[in-house]
Every structure is written in C-alpha cells, then in structure tokens.
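Contents: one structure, followed by commentary.
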Number of protein chains: 2
Amino acid sequence: MPDATLDSLDQAILRRLQVDCRAIAESIGAQIGLSAAAVQRRIKRLRETGVITKEVAVVDPKAVGVNMSFVVSVEMERERIEVIEAFRKQVLDDPAVQQCYYVTGSADFVLMVVCRDMAEFEAFTRRAFFDNGEVRHFTTSVVMDRMKVGLTVPLNGG
Amino acid sequence: MPDATLDSLDQAILRRLQVDCRAIAESIGAQIGLSAAAVQRRIKRLRETGVITKEVAVVDPKAVGVNMSFVVSVEMERERIEVIEAFRKQVLDDPAVQQCYYVTGSADFVLMVVCRDMAEFEAFTRRAFFDNGEVRHFTTSVVMDRMKVGLTVPLNGG
DNA sequence: CTTGAAAATTTCCCCCT
DNA sequence: AGGGGGAAATTTTCAAG
C-alpha cells in the first residue's frame, strides 16, 4: 500500500490501462518505447503491489434495464463507530448501492444508487433507511444526465 | 442501445466480468455450464452491442499520491442548455473530475473530484467555479472514507 | 453449442547493460 | 535493477460438425 515509486513509464502504462485494460502489451510498448515483455513485467508488478486494484468490465446500465440513478445524502442519528460500521456492512451488501462515501459536512454519507425504476428505488429506501432506526434523514437527487462516469485517477499529464 | 435481450447466461457472465474482466472464459464456462468458445462468443457480442462499454483497470488513488476525494454540489446561475453544455465540456476535460451528474433538486450538478491534496483542490475550485461566471454556489464535502466505490450494475440475483 | 486446430498474447528464462 | 529477445504455456479466435 505504500507508494511503489512509479516512474513515467509506469504512469504511461496506467493511463492507457485506465481507459482500456485490454490494450495489448506490444501496442503499449510501441507507444512508450518498451518491449512487450517489459510492459508485461511492469503491469504484473502494478497488480502485485496493489496500484492496480482490479480490472473490470463496465456495463451500460440502460442496456440491462437499470434506467435510474440517484445521489442520496444520508444523515444518521448518532455518529458513533458502531452505527457507521453497521451502515457500511449494509451498503456493501446492497447491489443497488454503487458507491458510498463517508463525508464531512451536514450529511454523513453520500450514496450513488442505481435502480431499474422508481418502485425499486422506493423499495431500497425502505430497507436501507426507514427500516434503519439510526437514519435521521436522507435527501434524494434524481440523476437526469450521467455526464461523466468513471473511476479514473489523474496521473501527471493525464 | 436497444436492449439486446440478455438471458441468464449473459447475466452470469456480466456478473463475473464486472468484478474481474480478466476472468478466463473457460473458468466462467465451468461455473455456468458452457464451453469456453461459447462464453467468448457471448462476451464478444456483449461488447459489440454496447452492453459492455469498456474494460478498465482500477487504480488505487492512494498508490499514486491522490489522497483526497470530494463530493461537490454545484448550483448554476441559470439552468439554460448552453450553460449546461459549457459546464459539461469543462468537466469532461478536467482530470480531477472523476464523475459528474446533472441532477434534480437544489443543486444542478454533483461532482466526484479527486486530488493529490487540498492545494490541488483549491486550484480546481478556482478554475472550475470561481473563473466561471455561471456558477452561483457550490458546496464541498470532504470524503473521509470511500466505503464502496464501483460502477457495478445490479443484475437479477447479483 | 461443442469440439479441435490455428492464431494471438502473455509469461518465463537467460543474457545483456 | 531493469530491459531485450526468444521459447513455452495460456487464452482467444476460427472452422466444421
């Protein structure tokens, strides 16, 4: 987890892989002046050192009937560790919760929730909030446009 | 973008690929009772039909020195199409903006912003908000814990 | 869809700097 | 330590049943 000292070549590789992890090593190597083997070696190291945490397929929600997204701010009754932990476990297990952040400010959590329709979202709010005595209040924003969606991390010159 | 009618096998493949797109076809096939070739053919089709939009490496922000995340709500002066479009182009080009959603409610946009440190975030707010006459107000929540971060879409029984 | 062969890609070993 | 080149192993792609 400590910084594995990435040189500019590693960064160039990551920039490429963040956009398309199926890019072949030879193509990446041609772009940055390295052999395919050298690129592979670096990629392997980036995986092993945890710089690359995972490689995933991004599925278009619309294509699988998941047509709605919501940004939900949640305020808890008490900001106790036990309450936080319980909430964490709950959202980790809930497929509707794409992302969950514990934040400063008036809200305690901000969630990205994805659902097929409004009915499904209401079912989510019930099981996640109303059935949870520790939730004081939550505010829902309906997403009208997913302008930019990604997990890309900025890499010097990216 | 029409629904490509995904059967339960396609869904099972997607469930796997959403977590690890380097899973080998033979392994997936063994799990769902299909040959490697059949799995490959389905994956190819899922890519071509746009169900799988891309396959990306997820980089640990901390590992590359990006230590802070922010949830920023933005309110514009006027909710005109031109203003919206201009803002879209701006955030698309900005590497610090990981995600941007156009939403209902008191805020117009919700952004996920990632930076190396507070100074970088302040530089971001200046170029994105203060130098933009159309931004009326913005609210920043500092992320203390990225409890759950992903783009995973729920697939019946996921 | 499956089997079996061909093509492509990744992985490993050794030598080099 | 880190890179290059080539061989071996794995995986994907293609053709035929």
> When you measure from the side chain of A:T53 to the backbone N and O of B:V58, does any donor-acceptor pair fall under 3.5 Å?
Replying inline: yes

> Side chains of B:L46 and B:L6: closer than 4.5 Å at any heavy-atom pair?
Replying inline: yes

> Are any of the side-chain nitrogens in B:E134 or B:R80 under 4.0 Å away from the carboxylate oxygens of its partner?
Replying inline: no

> How long is the line joining CD1 of B:I43 and P of D:dT11, in whole Å?
Replying inline: 13 Å

>> Near DNA chain D, counting only heavy atoms under 4.0 Å, which residues of residues 20-28 of chain B show up?
In response: B:I24, B:A25

> Are any non-hydrogen side-chain atoms of B:I43 and B:R16 less than 4.5 angstrom apart?
Replying inline: no

>> Check B:R45 with B:E48, please: is the shortest side-chain N to carboxylate O separation under 4.0 Å?
In response: no

>> Counting only side-chain heavy atoms from C-beta out, which of D:dG3, D:dT12, C:dT11 sits nearest to A:Q40?
In response: C:dT11

I'd like a table of donor-acceptor pairs (distance under 3.5 Å, sequence neighbours excluded) in which one partner is a side-chain atom from residues 65-74 of chain A, with atom names and distances.
| unit_1 | atom_1 | unit_2 | atom_2 | d |
| --- | --- | --- | --- | --- |
| A:N67 | ND2 | A:G65 | O | 3.2 |
| A:S69 | OG | A:R146 | NH1 | 3.3 |

> For A:R41 and D:dA1, is the shortest distance between a side-chain N/O and OP1 or OP2 below 4.0 Å?
Replying inline: no

>> I'd like to know if B:D7 and B:R42 make a salt bridge, using a cut-off of under 4.0 Å between side-chain N and carboxylate O.
In response: yes

> Considering only heavy atoms from C-beta outward, does the side chain of A:F87 approach that of A:L111 to under 4.5 Å?
Replying inline: yes

>> Can you list, in residue-number order, the parts of residues 29-38 of chain B that come under 4.0 Å of DNA chain C, counting heavy atoms only?
In response: B:L34, B:S35, B:A37, B:A38

> Please give, in whole Å, the distance from C:dT9 C1' to A:E55 CD?
Replying inline: 14 Å

> According to a strict under-4.0 Å criterion, is B:K44 in side-chain N/O contact with OP1 or OP2 of D:dT12?
Replying inline: no

>> Whole angstroms only, please: what is the CZ-C1' distance between B:R42 and C:dT2?
In response: 13 Å

> D:dG2 P sits how many Å from A:L9 CG, rounded?
Replying inline: 12 Å

